[in-house]
Amino acid sequence: MTRQLADVTLDGVTGELVLVNGESAIRRALAAGAALLASEQVGVAQWCLQTTVDYLKERRQFGRVVGGFQALKHRLADLFADVESAGAAARYAAAILAAGDPDAEIAATVAQAYCSDLAVKAAEEAIQAAAAGVAGR
């Protein structure tokens with residue numbers, strides 16, 4: 001578990017069967033979780049991108065602002081496009097999940113797969129860009 005919220009103890013309670021076959025309910029819950037996680041990962045990627053851009057606007061190397069170096073601009077522009085695409089995938093997954101669309105499970109799975117890779121990529125780019133900015137010290 002990555003985010004434990006609470007410990008629940010049920011002593012002396014009786015159970016009541018509410019669902020005989022819970023597979024579809026579990027699939028919907030997993031799709032909702034995947035869509036939520038995808039949105040969170042987009043937020044991580046956006047934060048990494050914005051923090052990196054802010055840092056590179058201030059950091060100077062060789063008498064120039066590091067953010068002015070063409071190679072860094074291109075990498076960050078590519079990352080920006082990826083972050084925007086991930087945001088669209090996450091929003092689409094959330095929208096069709098809320099609408100009860102039959103393709104919600106697929107959209108949530110695609111969004112989660114894309115956004116999880118992007119969150120890692122954004123963190124890696126942030127570290128590499130910061131390292132490039134520090135190299136001139």
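Worth saying up front: this structure is predicted, and the values here are computed from it rather than measured. Along the sequence shown, the residues carry numbers beginning at 1.
Linking Ile, Leu, Val, Met, Phe, Trp and Tyr whenever their side-chain heavy atoms come within less than 4.5 Å leaves L97 and Y114 in two separate clusters. Linking Ile, Leu, Val, Met, Phe, Trp and Tyr residues whenever their side-chain heavy atoms come within less than 4.5 Å leaves Y92 and L36 in two separate clusters. Placement of V83 and V110 in two distinct hydrophobic clusters is found when ILVMFWY residues are connected by side-chain heavy-atom separations under 4.5 Å, directly or transitively. With hydrophobic clusters built from ILVMFWY side chains whose heavy atoms lie under 4.5 angstrom apart, L5 does not share a cluster with V8.
Between atom CG of residue L37 and atom OG of residue S116 there is a gap of 7.5 Å, rounded to the nearest 0.5 Å. Interatomic distance, L79 CG to H74 NE2, rounded to the nearest 0.5 Å: 14.5 Å. Within the model, atoms CD of Q46 and OG1 of T51 stand 11.0 Å from one another, a figure rounded to the nearest 0.5 Å. The distance from atom CG of D78 to atom NZ of K73, rounded to the nearest 0.5 Å, is 14.0 Å. To the nearest 0.5 angstrom, D82 atom CG is 4.0 Å from K121 atom NZ. A distance of 10.5 Å separates CG of L76 from CD of Q50, quoted to the nearest 0.5 Å.
Between A34 and Q112, the closest heavy-atom pair is O-CG, 3.5 Å. The minimum heavy-atom distance between L118 and A86, with the atom names listed, is CD2-CB, 3.2 Å. When all heavy atoms are compared, the tightest approach of A38 to C115 is O-CB, 3.6 Å. Of all the heavy atoms in A89 and A111, the pair that sits closest is O-CB, 3.6 Å.
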- Message: Could you walk me through whether E105 and R28 satisfy the side-chain contact (heavy atoms from CB on, under 4.5 Å) test, starting with their C-alpha distance in whole Å, then the side-chain angles of each, then the deciding distance to 0.1 Å, before giving a yes or no?
- Response: CA-CA 7 Å; E105 186 178 335; R28 285 192 310 274; over 6 Å; no
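Pairs of residues two or more places apart, or lying in two chains, that qualify as salt bridge (Lys or Arg N to Asp or Glu O under 4.0 Å) and include a residue from residues 29-42 are R3-E40.
Through side-chain heavy atoms spaced under 4.5 Å, either directly or across other Ile, Leu, Val, Met, Phe, Trp or Tyr residues, I26 is tied to L30.
Under the 4.5 Å side-chain criterion, counting only non-hydrogen atoms from C-beta, C48 is in contact with V44.
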